[in-house]
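What follows is a single structure, written as structure tokens, with notes after it.
Model, not experiment: these values are computed from the prediction. Quick note: numbers below take in every heavy atom, side chains included, and nothing from hydrogens, waters or symmetry partners. In listed order, ligands and their atoms are each counted from 1.
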Amino acid sequence: MNPARGSLLGIETMEAAEILRLLKFARRMNPDKPRPLLKGKRVLLLFYEASTRTRSSFEIAAKSLGAHTVLIQSAGSSIEKGESLLDTGYTLRAVGADIIVIRHPNAGAPYLMAQHVDVPVINAGDGLHEHPSQALLDAYTILRNKKSFKGLQVAIVGDIFHSRVARSACHLLSKFGVKIILCGPPELVPDIATTLAPGVRVTRHIEDALRGTDVVMLLRVQKERLAGMKIDLPEYIARYQMTPARLKMAKKDAMVMHPGPIIRGLELTSEVADGAQARILEEVHNGVPTRMAILARAMGKMR
Ligand code: NCD
């Protein structure tokens with residue numbers, strides 16, 4: 001079965017023109033000037049994994065469009081009792097869900113839901129697969145700062161192996177011809193990552209990644225995700241941590257991004273996190289209009 005119309009499941013299969021249309025529409029969205037595009041609709045937020053930014057910004061986005069929201073987290077719901085993903089989906093459809101926003105530890109869970117439950121499904125992060133709304137809000141943030149994708153070089157530094165954010169970002173940026181350099185130790189950035197999307201290069205050297213770079217995207221390096229890997233955190237910090245001195249190797253007007261949650265003292269220093277080039281909180285801020293556009297599109301209201 002085809003996924004329900006209006007679903008947003010991944011960036012890989014989205015056309016560049018559709019992405020631009022959505023980003024353009026997002027620029028017209030403003031949570032401080034609510035628009036009743038989803039008046040009376042019900043947005044179900046189904047979160048099988050922890051989330052702060054993604055969840056709150058989908059909720060604020062939905063409410064800014066006049067929708068009702070219901071949050072279901074695995075703890076405290078029938079998911080804990082062993083109800084299957086699809087049975088949960090059918091149940092949400094039966095209570096009257098108009099849109100389901102889902103975050104799930106398994107890749108493909110949102111796709112399965114969209115194929116079987118006749119409701120548009122928005123992927124809020126599925127396993128190691130994709131995080132399309134994050135890629136869209138990052139693209140929105142890049143375009144607000146750099147005006148166009150033309151000639152841009154983006155360095156993505158950190159745990160790319162475990163990052164759905166990196167995967168969606170590579171798919172999106174490569175559709176616009178952006179030069180993408182992935183940087184980190186081989187365990188976190190395997191050589192095969194070059195096959196992720198056209199225009200992707202891998203380097204082990206931070207200077208190499210930063211030279212000529214317009215956007216420095218940092219990713220979380222989470223200890224719990226590194227079990228069984230030979231990663232020495234002090235060595236990671238010594239080689240890859242973003243410090244003011246390293247940031248100077250990038251272009252003078254380079255912007256620093258991070259999807260969050262950031263770990264100060266590991267991926268970056270506080271000077272960088274709070275510095276003039278950081279756009280980390282701007283990304284969070286831009287998540288709301290971007291997700292307003294995503295939700296309105298799900299209901300066929302993107303014009
Ligand atoms: C990320 C995620 O959950 O994929 N965060 C986010 O949604 N902004 C990144 C992460 O957890 O490392």
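Looking at Pro261 next to ligand 1, no N or O pair under 3.5 Å apart turns up.
With respect to atom 4 (O) of ligand 1, the closest heavy atom belonging to the protein is Arg164 NE, 2.7 Å. For atom 1 (C) of ligand 1, the closest non-hydrogen atom of the protein is Gly260 O, 3.7 Å. Here the protein heavy atom with the shortest distance to atom 8 (N) of ligand 1 is Pro259 O, 2.9 Å. Arg220 NH2, 2.8 Å is the protein heavy atom nearest to atom 11 (O) of ligand 1. Looking only at protein heavy atoms, the nearest one to atom 7 (O) of ligand 1 is His131 NE2, 2.7 Å.
Of the charged side-chain nitrogens involved, none lies within less than 4.0 Å of a carboxylate oxygen, so that Arg167 and Asp126 do not count as a salt-bridged pair.
Inter-residue side-chain proximity for Val189 and Arg204 is flagged as met; some heavy-atom pair is nearer than 4.5 Å.
Side-chain heavy atoms closer than 4.5 Å link hydrophobic residues (I, L, V, M, F, W, Y) into clusters, and following such links, possibly through other members, connects Met229 to Ile263.
Side chains of His162 and Gln222: a donor-acceptor N/O pair is absent below 3.5 angstrom, by distance only. With no hydrogens or angles considered, a side-chain donor-acceptor pair links Thr213 and Gln153 at under 3.5 Å.
No cation-pi contact links Arg103 to Phe47, judged by a cut-off of 6.0 Å to the six-membered ring centre and 45° from its axis.
With a 4.0 Å heavy-atom cut-off, ligand 1 is reached by no atom of Gln222. Contacts between Leu219 and ligand 1, counted as non-hydrogen atom pairs separated by less than 4.0 Å, are absent for every part of the residue.
The closest approach between a heavy atom of Arg103 and any atom of ligand 1 is below 4.0 Å. Heavy atoms of Arg225 approach ligand 1 to within less than 4.0 angstrom.
With hydrogens and angles ignored, the 3.5 Å screen pairs no side-chain donor or acceptor of Ser7 with any backbone N or O of Leu9.
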